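Beneath this line is the structure, given in structure tokens, with notes to follow.
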Amino acid sequence: METPQLTPDTAVLLELGPLTLNATIAFTWLLMGLLIVPAWFITRRLTPEAEASRPQMLLEAAVGYTRQQVGEIAGSRTDLVLPFSGTLVLFIGLANVLAIVPGWQPPTASLSTTAALAIVVFFAVPAYGIAIVGVGTYLRHYIEPTPIMLPFRIISELSRTLALAVRLFGNMMSGEMVVAILLLVVPLLFPVLLEALGLLTGVIQAYIFAVLATVYIASGMEASEEATSEPTSEGESSEPTHTQEED
């Protein structure tokens, strides 16, 4: 009797000496191909004069909806954050939706994949903040209003990253296991309903992950801008005082 595979990491597809290709790596690269190749094919001859094809209109509708959702969080920084947040929701959403295809093993059911996504968000938050205000100004907000806050801010960043990874991994793993168990108990009554429920859960998880990532990035940029504007506002308030003294 075969041991059940709880994650795609345990499903080894190919071994070449020290190199091992498991299902997580294979399906991740396949997923990237499913996202990149159609997008390139649809937009390879994109011009303002050409009539939009149906795939192009579908792609534009998806981008427009994503832009609207990101805009409600990022505001004026929407165009800056949109490529990152849009990629997250497409990658996670498609990985989860394809779970209805027989033989497909979602990469998001692997802790290594969810941890990698969380680490990307972890580095994206300071990267966007630095892009707005510069390295010195961004790092300074970690020790404001007092350097005592530095360890607490670092712990907050690390715990937020861990929470993102565990949240996505736990939800995907629990969903897959519950569906598998119920299909064994009642295989003839609820398979379609359970697959539909799993599909809905996967889409929701992709949306939540992307929204949280966008919120973290927008908060980081906002904090950086506030740290930059504080000295300016103090300088502006001091100018009228000197003027009054001179008068």
Side-chain angles (χ1 to χ4, degrees), residues 6-9 23-39 42 55 58-74 77-125 128 160-180 192-220:
L6 297 180
T7 74
D9 293 337
T24 300
I25 299 175
F27 284 98
T28 297
W29 281 93
L30 178 59
L31 181 61
M32 289 190 294
L34 292 175
L35 289 172
I36 295 172
V37 173
I42 294 172
L58 180 61
L59 183 61
E60 290 178 355
V63 172
Y65 178 77
T66 306
R67 182 189 297 274
Q68 178 184 355
Q69 296 297 313
V70 173
E72 294 179 359
I73 302 172
R77 305 293 182 182
T78 299
D79 290 337
L80 183 63
V81 184
L82 178 62
F84 182 77
S85 300
T87 301
L88 282 178
V89 72
L90 284 175
F91 180 85
I92 301 173
L94 185 60
N96 297 341
V97 167
L98 289 177
I100 63 174
V101 178
W104 177 265
Q105 300 187 44
T108 48
S110 167
L111 183 58
S112 59
T113 300
T114 57
L117 291 171
I119 291 173
V120 170
V121 175
F122 174 79
F123 285 105
V125 173
Y128 278 98
R160 185 168 60 187
T161 303
L162 180 63
L164 274 176
V166 174
R167 178 196 300 270
L168 182 60
F169 172 74
N171 287 331
M172 291 308 303
M173 279 295 299
S174 61
E176 291 289 329
M177 293 182 68
V178 168
V179 170
V192 176
L193 179 61
L194 291 176
E195 289 295 337
L197 180 61
L199 182 65
L200 178 62
T201 302
V203 173
I204 292 175
Q205 288 306 317
Y207 177 80
I208 292 175
F209 190 97
V211 166
L212 288 176
T214 306
V215 169
Y216 296 155
I217 292 172
S219 299

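The analysis underlying the following values was restricted to heavy atoms, covering all of them including side chains, and did not include hydrogens, waters or symmetry mates. This one's a predicted model, so the numbers in the text were calculated from it and none came from an experiment.
- Listed by chain and residue number, nothing satisfies the ring pair (Phe, Tyr, Trp, His ring centres under 6.0 Å) test with Trp29 (two or more places apart in sequence, or in another chain).
- Between the side chain of Thr114 and the backbone N or O of Leu111 there is at least one donor-acceptor pair closer than 3.5 Å.
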Legend entry - Val121 vs Phe209, side-chain contact (heavy atoms from CB on, under 4.5 Å): CA-CA, chis, key distance, verdict: CA-CA 10 Å; Val121 175; Phe209 190 97; 4.0 Å; yes
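- Listed here is the closest heavy atom pair of Ala95 and Pro106: O-CB, 3.6 Å.
- The side-chain hydrogen bond (donor to acceptor under 3.5 Å, both in side chains) test applied to Glu72 returns no partner, not counting sequence neighbours.
- A donor-acceptor contact shorter than 3.5 Å is absent between the side chain of Thr78 and the backbone of Ala74.
- Remark: Val101 engages Leu98, Trp104 in a side-chain contact (heavy atoms from CB on, under 4.5 Å) (not counting sequence neighbours).
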Legend entry - Intermediate values then yes/no, side-chain contact (heavy atoms from CB on, under 4.5 Å), Val203 and Asn96: CA-CA 7 Å; Val203 173; Asn96 297 341; over 6 Å; no
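- Taking every heavy atom of both residues into account, Ser112 and Thr24 meet most closely at OG-CG2, 4.0 Å.
- Applying the salt bridge (Lys or Arg N to Asp or Glu O under 4.0 Å) definition to pairs two or more places apart or across chains, none involves residues 199-208.
- With sequence neighbours excluded, the residues forming a side-chain contact (heavy atoms from CB on, under 4.5 Å) with Phe91 are Thr28, Leu31, Met32, Leu35, Thr113, Leu117, listed by chain and number.
- Partners of Pro55 by side-chain contact (heavy atoms from CB on, under 4.5 Å), not counting sequence neighbours, listed by chain and number: Ile42, Ser53.
- Under the side-chain contact (heavy atoms from CB on, under 4.5 Å) criterion, Leu80 pairs with Tyr128, Ile132, Met221, sequence neighbours left out.
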